[in-house]
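Have a look at the structure below, then the notes.
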Amino acid sequence: MLDEKIAQYAQEIEQFTPQSQEDVEAFRLRFLVAKGVIRDLFDAFKSVSPEQKRSLGKSLNELKQAAELKYRTIQEQFAAIAAVHKRDIEDLTLPGEGFVMGSRHPLALVRKEIVEIFRKLGFVVAEGPEIEDDWHNFTALNFPPEHPARDMQDTFFIKKQEGNDIALRTHTSSVQVRMMENGQPPFRAIMPGRVYRNEAISARAHCFFHQVEGLYIDENVSFADLKQTLYYFVQELFGEDTKVRFRPSYFPFTEPSAEMDISCTICKGAGCTLCKKTGWVEILGCGMVDPNVLENCNIDSRKYSGFAFGMGIERITNLKYEIKDLRLFSENDVRFLSQFETELI
Ligand code: DAH
């Protein structure tokens, strides 16, 4: 009797397929409430003979669990269907939600442009470590020990080490040294990277920024090659009507050394606040690699000569996009970043 009923309900539960939310509720009322059929079976169970109790008790419990599981499952299914319906009835005329596209960082855009121009002249890209030793950052580059020239660049020291301190590189010129130490001329390379200096952060100075170093070493390389290469670079980057001028300067690692100015990109030479009314802005340092540097890197300075140059990517970017505050580059404000063209490759 009781076992037949259990089997009958078990089948009913298994086959139950609700068509609506009301069916789901009807299922609950039929099987799971205090006055439901399963409760009735438990009541009837109290009066069966002790011999029958064992097997009937087991199937009765299974029936109860099956009912509960079924109810949970159909409830979840209906909740999912309801969620889909809710979406369906939203305003179908609304425009879709587009993807938010990122854009390249302005410094990355300019670095890429610089690299592409030099690539056309046969320069390859090389990189070096940001944590550098004194040898690669200073000594090999002809900075004499204890010479005030080292103070030109406020260094972040990491570790004092007898004769060869470890520091964050203050310029990408260290990569020149690594390149020359590890290979044989000719060298024709462009070396972009981040550099660090212990400076108070302001609109015009930052404790880290980016440089691109250039190096060209071969037989018979002259200052005329240096001028022509950099002139080509400026024309490609800023346009054909941009003028250049070289001023004598000093760097420990070049002799002779120069700084290169270009005619102001903003006022075209007429005089404005950017060029401090001079019509010219400095964009890089350069020179013929000092023979001492070549010898420090085991390169025969009687056979080989060459030029090097170094420029700040922030400075070039400021000129190209008229950005007046250096801090914008590292604040990651999307209102600033999203103004730059989006490039996918
Ligand atoms: N390293 C220099 C600086 O950070 C820039 C520089 C000047 C690099 C002259 C050179 C160079 O390679 O020849 O200020």
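Remember, it's 1-based here, ligands and their atoms both numbered in the order they're listed. One is the number of the first residue; the rest follow in order along the sequence.
- Taking a cut-off of under 4.0 Å to the non-hydrogen atoms of Thr254, the atoms of ligand 1 that pass are 13 (O).
- Annotation: cation-pi geometry satisfied between Lys53 and Phe45 (NZ/CZ under 6.0 angstrom from ring centroid, within 45° of ring axis).
- Taking the centre of each ring, His171 and Phe253 come in below the 6.0 Å mark.
- Distance alone, capped at 3.5 Å, places no donor-acceptor pair between the Arg197 side chain and the Ala205 backbone.
- Residue-ligand proximity, Gly287 to ligand 1, at heavy-atom distances under 4.0 Å covers atoms 13 (O).
- Taking every non-hydrogen atom of Gln176 and a distance limit under 4.0 Å, the qualifying atoms of ligand 1 come out as 12 (O).
- Residue Gly214 has no nitrogen or oxygen atom sitting less than 3.5 Å from a nitrogen or oxygen atom of ligand 1, judged on distance alone.
- Seen from the ring of Phe157, Lys160 counts as a face-on cation partner, given the 6.0 Å and 45° thresholds.
- With a heavy-atom cut-off of 4.0 Å, Ser173 touches ligand 1 through its side chain alone.
- Within the structure, ligand 1 lacks Met288 among the residues with a heavy atom less than 4.0 angstrom away.
- Every heavy atom of Met311 sits 4.0 Å or more from the atoms of ligand 1.
- For ligand 1, the atoms lying closer than 4.0 Å to a non-hydrogen atom of Phe251 are 7 (C), 9 (C).
- Atoms of ligand 1 lying under 4.0 Å from at least one heavy atom of Gln211, given by number and element, are 3 (C), 4 (O).
- Heavy-atom distances between Phe253 and ligand 1 reach below 4.0 Å in at least one pair.
- Remark: ligand 1 atoms within the under-4.0 Å shell around heavy atoms of Gly310 are 6 (C), 8 (C), 10 (C), 12 (O).
- Other residues, nucleotides and ligands contribute at most 12 non-hydrogen atoms within 6.0 Å of the NZ atom of Lys227.
- The salt bridge (charged side-chain N to carboxylate O under 4.0 Å, His left out) check on Arg302 picks up Asp300, with sequence neighbours excluded.
- Between the Asp133 side chain and the His136 main chain, a donor and an acceptor come within less than 3.5 Å of each other.
- When the heavy atoms of Arg169, Met260, Arg197, Met191 are ranked by distance to atom 4 (O) of ligand 1, first place goes to Arg197.
- Residues passing the salt bridge (charged side-chain N to carboxylate O under 4.0 Å, His left out) test with Lys276, sequence neighbours excluded: none.
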